[in-house]
Participant: 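Got a structure here, written out as structure tokens. Questions coming.
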Amino acid sequence: MSESGKHPKPGPGTGPGTGPVTGTVEAIYDAVRRAISGEVPGMTPARGQVAPEVRVFPVRSPTLPPATHTGCYVVGPSEGEGPLLVVDPASPYPEEQAALDAWLDAEIAAGRPLVGIALTHHHGDHVGGAAHLAARLGAPVWAHAATAARLTGRVQVDRMLGDGEVVEVGAVRIDVMFTPGHADGHLCFRVPSGAAIVGDMVAGVGTILIDPDEGDMIAYLASLARLGPWASRLLPAHGLPIEDGPGKLREYIAHRGMREARVAAALDDAGGAVAARALVAVAYADTPPPLWPLAERSLLAHLVKLERDGRAVRTDDGRWIART
Ligand SMILES: [Zn+2]
């Protein structure tokens with residue numbers, strides 16, 4: 001049975017606990033959700049162990065189709081006693097929160113208390129259950145300062161994490177890497193076995209949006225390059241674990257390079273000042289039209305990069321010209 005058959009599909013801001021639509025990215029996710037329905041089977045990991053120190057508890061979330069769930073990762077022992085860290089308690093939906101609550105209650109009863117809630121970044125499909133969980137179990141929330149700033153009034157962040165920091169959760173040492181690009185406060189968390197919880201740096205299903213208002217293409221490419229030698233396996237927020245982390249990251253960098261070349265060629269071919277929107281059908285001809293609002297945001301992020309690289313100029317009326 002499909003998820004959409006089991007649950008009514010609430011739109012953001014329309015149901016209890018769904019929270020407000022707060023930014024460009026969430027508004028675009030909403031538009032794409034309305035344009036595309038259905039899910040790809042086999043794209044959500046089963047609840048359980050994904051690394052020696054990590055379990056995943058997938059929750060249905062207001063994410064970008066074809067993904068329907070966010071992997072809420074739980075770092076710590078799965079047997080015996082010891083503390084747990086939850087990364088991205090993602091769902092704003094009460095029934096999903098209740099399922100995670102019940103599961104955590106059993107963990108706590110078995111001697112595995114929740115000692116922290118870490119956030120990869122501020123998007124609603126990552127932080128949707130954070131305030132609820134923090135209030136219910138009294139656990140502190142950890143995130144980058146830029147994430148904390150964006151969550152002001154929604155989620156209280158108790159501890160700021162930065163690049164190179166080491167977080168100890170019982171016997172597990174977690175390395176923190178600051179990976180801006182998709183979001184300005186994005187963090188990744190690596191456990192000793194070499195797996196890294198990478199949030200929205202890559203996706204096992206669907207695509208990663210770089211929105212120029214909330215992200216930065218140059219920073220994203222630099223973060224992808226840094227992640228390569230750092231993590232052997234990637235645990236993305238959406239989709240299954242990625243076994244060849246460095247290979248997947250090289251693929252992502254090559255894909256963005258290909259897209260940049262297409263955007264630059266489309267701008268050249270325009271032969272004069274042109275609106276970003278007019279380039280989408282050319283540079284994203286391989287992308288289904290319902291995704292074009294999303295593609296336009298990524299295209300803009302590429303144009304901003306080309307501008308900073310000295311290859312494009314923005315006119316006073318917001319159009320773009322190739323710089324030769
Ligand atoms: Zn995101």
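Atoms within a ligand are numbered from 1 in the order they appear, just like the ligands themselves. Values below: every heavy atom of this structure, side chains too, minus hydrogens, waters and symmetry copies.
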Participant: Regarding D125, does it place an N, O or S atom less than 2.8 Å from the Zn ion (ligand 1)?
Facilitator: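 Checking D125: none of its N, O or S atoms is under 2.8 Å.
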Participant: Give a yes/no answer: is there an N/O/S atom of H182 under 2.8 Å from the Zn ion (ligand 1)?
Facilitator: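 Checking H182: at least one N, O or S atom is under 2.8 Å.
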Participant: Applying side chain to side chain donor-acceptor pair (under 3.5 Å) to D200 and H238, what does each step give before you reach the verdict?
Facilitator: CA-CA 8 Å; D200 278 353; H238 310 293; 3.3 Å; yes
Participant: Could you tell me the angle subtended at the Zn ion (ligand 1) by NE2 of H121 and ND1 of H123, rounded to 10°?
Facilitator: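 Seen from the Zn ion (ligand 1), NE2 and ND1 are separated by roughly 90°.
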Participant: Please identify which of these residues, H182, H123, H121, meets the side-chain hydrogen bond (donor to acceptor under 3.5 Å, both in side chains) condition with E214.
Facilitator: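 Only one option passes, and that is H123.
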Participant: Are the charged groups of D286 and R259 less than 4.0 angstrom apart, N to O?
Facilitator: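 Yes, this pair counts.
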Participant: Where do C72 and P89 come nearest, in terms of heavy atoms and distance?
Facilitator: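 Heavy atoms only, the tightest pair is SG-CA, 4.0 Å.
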Participant: How is the N/O/S atom of D200 that comes nearest to the Zn ion (ligand 1) named?
Facilitator: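 Sorting the N, O and S atoms of D200 by distance to the Zn ion (ligand 1) puts OD2 first.
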